[in-house]
Amino acid sequence: METIGMSEIGTHYDERSPIADELRDGQVHMWYWYDEEDQVPLRDAVHRITRKVTDTLGLRSGERLLDAGCGPGETAVFLAKRYGAEVTGITLSGYELDQAERRSAANGVAHLTRFERADYMELPFDDGSFDAVLALESLQNAPDPARVFAEFLRVLRPGGRVSFSDFSLESAREPERVATFMSTLKLPQLPTLGEWLEYATAAGFEIEEYTQCGPRVYGRKSKYIKAALEQREELLAKFGQAALDEFARRHHGFFVPRKDQIGYVIVSARKPRG
C-alpha cells in the first residue's frame, strides 16, 4: 500500500483541497447526517462535524488554540468569531495557507488568527504555548502518531485540552476493502477507537470524553455522493471536466468499504495540571 511522507502531504492537499473546499465551504473534513431523511445541505452537514468536535474543547474568549491541520481556514474563522479565541492554524499546503488567510481577512478576524506552514511532528512553538489543541481529521496523515501526541502535550499548558476526530477501523472482515480505502487516502495506519485512546494516554493525556459516530458519518456516504452530484454543474463551470474526472478518480476507493467497516471517533483529553 502506498503512503506518503510529511514532505508530500502539502502537495497532496494542494491537489485535493480546491474542489473539496468548494464542495464543503472551506471545511475539507467529513459530514454528519442524522438519518437518510435528513435533508440539510452538504455544507451544513460538514459544519455539524466542526461544531460537534470543537464544542468538546470548551473554548473561552482569549484562549490560545492550535488548529493542527487547519485546512482552508473555515474552522479557525468559526472559532475566532464564535468564542473570540486566538487561533494559530498550521498546514503543509500552500493552497490552504492562502485560502485560510483570505477567508480570515474577509470575515474580519485576521487580528485573532495566524496561519503557518508547519509539521505537527516537530512543532515550532515553545512549551506551554496553547490552552487547547484541535486536530480535526489531521492525525490520519501522521507516520508516527505517538510523536504527534507528545508534541501536543508539550505545547499545551498544564490543564490544557486536546480534541481530535478521525477515521477508525471498526471491522477487520474483508480487509481488502479497508486496504483500498487506506491506499486511496494514502493513510499510514487506521487505528481502532481503543488504539486512538491508547495513543493519547501513552503520551500523558487524561481522557475525558469519547464517542464513535461512524454510522452518521461514513455510514452516510451515499448522501455525500448525491449531494456532490447535485453540485456537479457548478463545479464543472469553475474547475473543468478534467479536474473533476481526476478528483473522482482519486476518491473512488474511498467509497469501497462497507459502512460498518470505517468508524469516526471524537476524543477529548486533558494535560494533567501537576
Donor-acceptor contact below 3.5 Å, side chain [X] vs main chain [Y]:
{"X": "E101", "Y": "D98", "value": "no"}
{"X": "T56", "Y": "V53", "value": "yes"}
{"X": "K221", "Y": "P257", "value": "yes"}
{"X": "S138", "Y": "A68", "value": "yes"}
{"X": "Q189", "Y": "A142", "value": "yes"}
{"X": "E195", "Y": "T192", "value": "yes"}
{"X": "R43", "Y": "R24", "value": "no"}
{"X": "D44", "Y": "V40", "value": "no"}
{"X": "T184", "Y": "T180", "value": "yes"}
{"X": "Q241", "Y": "L236", "value": "no"}

Please determine which of Y224, Y218, Y264 meets the ring pair (Phe, Tyr, Trp, His ring centres under 6.0 Å) test together with W31. Y224
For residues [X] and [Y], report the shortest heavy-atom separation together with the two atoms involved.
{"X": "V109", "Y": "A80", "value": "CB-CB, 4.0 Å"}
{"X": "A100", "Y": "G73", "value": "CB-CA, 3.7 Å"}
{"X": "E170", "Y": "L193", "value": "OE2-N, 4.5 Å"}
{"X": "P18", "Y": "Y95", "value": "CA-OH, 3.4 Å"}
{"X": "Q39", "Y": "E36", "value": "NE2-O, 3.8 Å"}
{"X": "A243", "Y": "I19", "value": "O-CD1, 3.8 Å"}

Does F254, at its CZ atom, have more than 12 non-hydrogen atoms belonging to other residues, nucleotides or ligands within less than 6.0 Å? yes
Would you say D35 has more than 12 foreign heavy atoms packed within less than 6.0 Å of its CG? yes
As an exercise, state the distance from OG1 of T88 to CZ of F125, rounded to the nearest 0.5 Å. 5.5 Å
What's the spacing between R161 CZ and L57 CG if we round to 0.5 Å? 6.5 Å
Among pairs that include at least one residue of residues 68-94, which meet ring pair (Phe, Tyr, Trp, His ring centres under 6.0 Å), considering only residues two or more places apart or in two chains? H47-F78
Consider only side-chain N and O atoms of S268 and E209, and report whether a donor and an acceptor are under 3.5 Å apart. no
Between H29 and T50, does any side-chain donor sit less than 3.5 Å from a side-chain acceptor? yes
How about [X] and [Y]: do any of their side-chain heavy atoms sit closer than 4.5 Å?
{"X": "L185", "Y": "Q140", "answer": "yes"}
{"X": "R173", "Y": "D260", "answer": "yes"}
{"X": "D21", "Y": "E96", "answer": "no"}
{"X": "T54", "Y": "L59", "answer": "no"}
{"X": "I90", "Y": "Y120", "answer": "yes"}
{"X": "L97", "Y": "R117", "answer": "yes"}
{"X": "V46", "Y": "D25", "answer": "no"}
{"X": "F205", "Y": "L156", "answer": "yes"}

Would D127 and V155 count as a side chain to side chain contact (heavy atoms under 4.5 Å, CB included) here? Give the steps. CA-CA 4 Å; D127 296 359; V155 301; 5.8 Å; no
Do the ring centers of H251 and F255 come within less than 6.0 Å of each other? no
Taking the six-membered ring for Trp, are the ring centroids of F164 and W196 within less than 6.0 Å of each other? yes
Using a strict threshold of under 4.0 Å (side-chain N to carboxylate O), is an ion pair present between [Y] and [X]?
{"X": "R147", "Y": "D119", "answer": "no"}
{"X": "K271", "Y": "E206", "answer": "no"}
{"X": "D38", "Y": "R48", "answer": "yes"}

Parallel, tilted or perpendicular: which one describes the rings of Y32 and Y34, with boundaries at 30° and 60°? perpendicular
Ring-plane angle category for F149 and F152, please: parallel below 30°, perpendicular beyond 60°, tilted otherwise. perpendicular
Reference residue E86; test side-chain contact (heavy atoms from CB on, under 4.5 Å); the match among L79, L112, D131: L112
Verdict with supporting geometry, F167 and F181, ring pair (Phe, Tyr, Trp, His ring centres under 6.0 Å): CA-CA 11 Å; F167 298 116; F181 171 88; 5.3 Å; yes
Hey, mind stepping through Q231 and L42 against side chain to side chain contact (heavy atoms under 4.5 Å, CB included) and telling me if it holds? CA-CA 10 Å; Q231 295 185 52; L42 172 61; 4.0 Å; yes
So, applying salt bridge (Lys or Arg N to Asp or Glu O under 4.0 Å) with E22, which one of K238, R232, R16 is it? K238
